[in-house]
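Below you'll find the structure, written out as structure tokens, and then a few comments.
Keep in mind that this is a model prediction, so the values were computed, not measured.
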Amino acid sequence: MCHIASTNILLRSPCVDSEACLGLSLVLLLSLLNPRSLCRSGKSPNWSSTLALGEQRAEEQLSKSELKVKELKNQLEALKANSAAARASALPVFTARDPATRKKPPLAAVVASNFKDRNSMTLGATSHLCSGRDFSGSASSASRAHCHFRQMCIAPGKGPPPPHVSTRGHYDWYYLYNTQAPQFHNYPDELDFSLGVGPHHGHPRLAIKPKVLSVTEFSERFPKIRKEATVTYIYYEFNGQNFGHMLTDILMPAYGAMAGFDKLDYDVQLVRFQITHDIPYSCDFQRNPGYGTPGWKPGAITSEKNDKLCKLFYRMLVPSISSRPVLVLGDLFNKTQTPVCFDDLLVGSPALSDECTEKKHGRNLSQVSHCNTGRMEQFWAFRCYTKANLGVEDVPPTKHHVVVWKRSDKKRALNNLDEACDLIRETLNVKVTVIDWATIPIADQLRLIGSATVHITGPGGGSFIAIYLPRGSTSVRLYSKDFGMEFHFFNFLGYLHPVYREARANLINTSELVDDVKLGMQRYEHFNPTLFKNSRN
């Protein structure tokens, strides 16, 4: 009976871990094999001490297990912290810039201070790094190249300009060598590039073919030079009188060139290339279209509206990328023929704009767009960098907010927009702000769009404020015409979700829009669970 009793006691005993169970099991096994060894003189063994010993060992093991679990948790937290630090170091982090540090000197002061005579400096050979060339043909390959030149020199052209070059764009670009002229076996036109952005990339009047010259010969030809140590980006502008084009066809290519060649610098000098017969749709063209018509004069301003818009967006947005005012290439020479040599010159940005070389601007829905594939990190970094430079802190919203663009003009009008906004407020009990972006300063625009979890907009330049939406947000795009326009860009941002809806006869399908907003609110919560703890299903 002794071993039966011991079995019952053991089965009822606490068995916390493997070691405690093993100790008690051995006691049971010995009692079954040799019950007399444990039950002498018919007396039961001291089970209480045996159980106490097993419980003591169990408690010791439990304490060790708890310490081990705590240690593993600490290791896990350390791994998470290290992983977060690694991600943070891999991605650029931009702190909002104090507006006081963004005060730009007058244009004349920039020209005077930037390009001082340095006769005693040593002029070195030119070197280059380029991206984007291929073997499809030298001319087309050159028009798609992005390049970083060191010690490239530019001088005003002498004599009549060559074919396709206008008088105002007549400059000679020099690539220098020390003792032996460089040989370019893979690409005969390896040094060539275009100053055109996106749609302008293949225009012959924007094609640059540097002259290869020895340092000695260059110094003999130009005994006096000026040198620019600041990172310089030269471009021919596309449509700077439009908010969206200013961001994605001027500033984003400048950012892409700087970041791509590891020359991201808020002190960068942007330099605009000019030609006599301006190409659509540069600001020079928008100000003064009609080349070839009687009475046309280069440099004249015949459209006050476009001139005003160009000046507005340059003044508003250039501080997002540079502390300096934009110069025209002719300003660099200060009315002299003295060449300027650049320590770091960035040129060529055909595939750094929002539509690269595709030209349709998202209007061709059957087109397969490859321009922006894989650029998600670049787009997010551009967003954060420019926002910080304008002095606006990036604060993700913790409450839902629907921000709606209501255009002041009748272009692409939506006749029942107010009715749709009222329905969203009543149905979803959410804050809705209706705004005409042109009525508030750029810093307030960025704060407002940064507070939105859902954005409702028509297409066009003003819709590109969506670049500054927070991660996980939704931009609902409503089209009274040109359905799907700009899909080539917004479909590739990655940090926001675009929704495309037709507004036939300029009327919004209000119930459909309410559903889109509701899903957008849910989406933001799901992608920002720490900001919205009570996530919707």
statement: When rounded to the nearest 0.5 Å, the distance separating CD of Gln286 from CG of Asp307 is 11.0 Å
query: Is a side-chain N or O of Asn178 found less than 3.5 angstrom from the main chain of Val215, in a donor-acceptor match?
result: no
- request: Output the distance between atom CZ (Arg504) and atom CZ (Phe483), rounded to the nearest 0.5 Å.
  value: 9.5 Å
query: Under 30°, 30 to 60°, or over 60°: which ring-plane class applies to Tyr255 and Tyr385, parallel, tilted or perpendicular?
result: tilted
message: Do Tyr175 and Glu190 make a side-chain contact, defined as non-hydrogen atoms from C-beta onward lying under 4.5 Å apart?
response: no
- request: For residues Asp172 and Pro156, determine if any side-chain heavy atom of one lies less than 4.5 Å from a side-chain heavy atom of the other.
  value: no
message: If I compare all heavy atoms of Ala145 with all of Pro350, which pair ends up nearest, and what's the gap?
response: O-CD, 3.6 Å
message: Give me the atom names and distance for the closest heavy-atom approach of Ser353 to Cys356.
response: OG-N, 3.3 Å
query: What closest approach, in Å, do Ile508 and Leu417 show between heavy atoms, and which atom pair accounts for it?
result: CD1-CD1, 3.7 Å
message: Would the distance check show the side chain of Asn506 and the main-chain N or O of Asn415 forming a donor-acceptor pair, the cut-off being under 3.5 Å?
response: no
- prompt: If we only count heavy atoms from C-beta on, is the Lys406 to Val404 side-chain gap below 4.5 Å?
  reply: no
- request: Hey, could you give me the CG/CZ distance between Leu469 and Arg383, rounded to the nearest 0.5 Å?
  value: 8.0 Å
Minimal non-hydrogen separation, Pro210 against Asp192, with atom names: CD-OD1, 3.9 Å
query: Is there a side-chain contact (heavy atoms from CB on, under 4.5 Å) between Leu317 and Ile442 once you walk through the steps?
result: CA-CA 8 Å; Leu317 295 175; Ile442 184 61; 4.0 Å; yes
message: Is it the case that the side chain of Glu355 and the backbone of Cys371 share a donor-acceptor pair, with hydrogens and angles ignored and the cut-off at 3.5 Å?
response: no
query: Does the pair Ile225 and Cys153 meet the rule for a side-chain contact (heavy atoms from CB on, under 4.5 Å), with working shown?
result: CA-CA 9 Å; Ile225 65 171; Cys153 298; 5.7 Å; no
- prompt: Counting only heavy atoms not in Asp267, do more than 12 sit closer than 6.0 Å to its CG atom?
  reply: yes
- request: If the plane angle is over 60° it's perpendicular, under 30° parallel, otherwise tilted; pick one for Phe222 and Phe218.
  value: tilted
statement: Between the CZ atom in Phe492 and the OG1 atom in Thr373, the distance rounded to the nearest 0.5 Å is 4.5 Å
task: Kindly indicate whether the side chain of Phe193, heavy atoms from C-beta on, has any atom under 4.5 Å from the side chain of Ser349.
output: no
message: Can you tell me which residue among Phe382, Phe490, Phe379, Phe243 is in a ring-ring contact (aromatic ring centres under 6.0 Å, His included) with Phe464?
response: Phe490
task: Flag the pair Val318 / Pro325 as yes when at least one side-chain heavy-atom distance between them is below 4.5 Å, and no otherwise.
output: no
- prompt: Between Val340 and Ile154, does a side-chain contact (heavy atoms from CB on, under 4.5 Å) hold up when you go through it step by step?
  reply: CA-CA 5 Å; Val340 176; Ile154 306 177; 5.5 Å; no
query: Would you say the side-chain atoms of His488 and Asp354 include a donor-acceptor pair closer than 3.5 Å?
result: yes
- request: Could you point out which residue of Leu129, Val347, Leu352, Leu346 forms a side chain to side chain contact (heavy atoms under 4.5 Å, CB included) with His146?
  value: Leu352
message: Whether the side chain of Thr302 engages the backbone of Arg287 through a donor-acceptor N/O pair (distance < 3.5 Å, no angle test) should be reported.
response: yes
Closest approach of Leu478 to Pro459 (non-hydrogen atoms, all atoms of both residues): O-CD, 3.3 Å
message: Show, in sequence, the C-alpha distance, side-chain angles and deciding distance for Ile449 and His455, and conclude whether the side-chain contact (heavy atoms from CB on, under 4.5 Å) test is met.
response: CA-CA 8 Å; Ile449 196 66; His455 172 224; 3.7 Å; yes
message: Ile250 and side chain to side chain contact (heavy atoms under 4.5 Å, CB included): which single residue from Phe238, Tyr233, Tyr235 fits?
response: Tyr235
message: Does Tyr281 have more than 12 heavy atoms from other residues, nucleotides or ligands lying within 6.0 Å of its OH?
response: no
query: Hey, are the side chains of Arg477 and Glu486 touching, using non-hydrogen atoms and a 4.5 Å cut-off?
result: yes
message: For the backbone of Pro280 and the side chain of His200, can you confirm whether one donor and one acceptor N or O come within less than 3.5 Å of each other?
response: yes
- request: Give a yes-or-no answer on whether the side chains of Asn239 and Gln241 include a donor-acceptor pair shorter than 3.5 Å.
  value: yes
message: Nearest 0.5 Å, please: how far is CG in Asn288 from NZ in Lys297?
response: 10.5 Å
Point-to-point distance, once rounded to the nearest 0.5 Å, from CD of Gln269 to OG1 of Thr230: 7.5 Å
- prompt: Hey, are Asp284 and Tyr236 close enough side-chain-wise for a donor-acceptor pair under 3.5 Å?
  reply: no
query: Are any of the side-chain heavy atoms of Arg324 and Leu270 separated by less than 4.5 Å?
result: no
field: Non-hydrogen side-chain atoms of His128 and Cys147 separated by less than 4.5 Å
entry: no
query: Between the main-chain N or O of Ser143 and the side-chain N or O of Ser194, is there a donor-acceptor pair closer than 3.5 Å?
result: no
- prompt: Could you go step by step and tell me if Thr126 and Tyr174 meet the side-chain hydrogen bond (donor to acceptor under 3.5 Å, both in side chains) rule?
  reply: CA-CA 9 Å; Thr126 309; Tyr174 291 94; over 6 Å; no
message: Using the rule given for salt bridge (Lys or Arg N to Asp or Glu O under 4.0 Å), can you reason through Lys209 versus Asp189, listing the C-alpha separation, both sets of side-chain angles and the distance that settles it, and then say yes or no?
response: CA-CA 8 Å; Lys209 189 176 185 66; Asp189 298 318; 2.7 Å; yes
query: Does any N or O in the side chain of Tyr495 come within less than 3.5 Å of the main-chain N or O of Ile467, such that one atom is a donor and the other an acceptor?
result: yes
- line: Closest non-hydrogen contact found for Gly240 with Glu237 is N-OE2, 3.2 Å
- request: Keeping the roles fixed (side chain from Arg150, backbone from Gly124), state whether a donor-acceptor pair exists under 3.5 Å.
  value: no
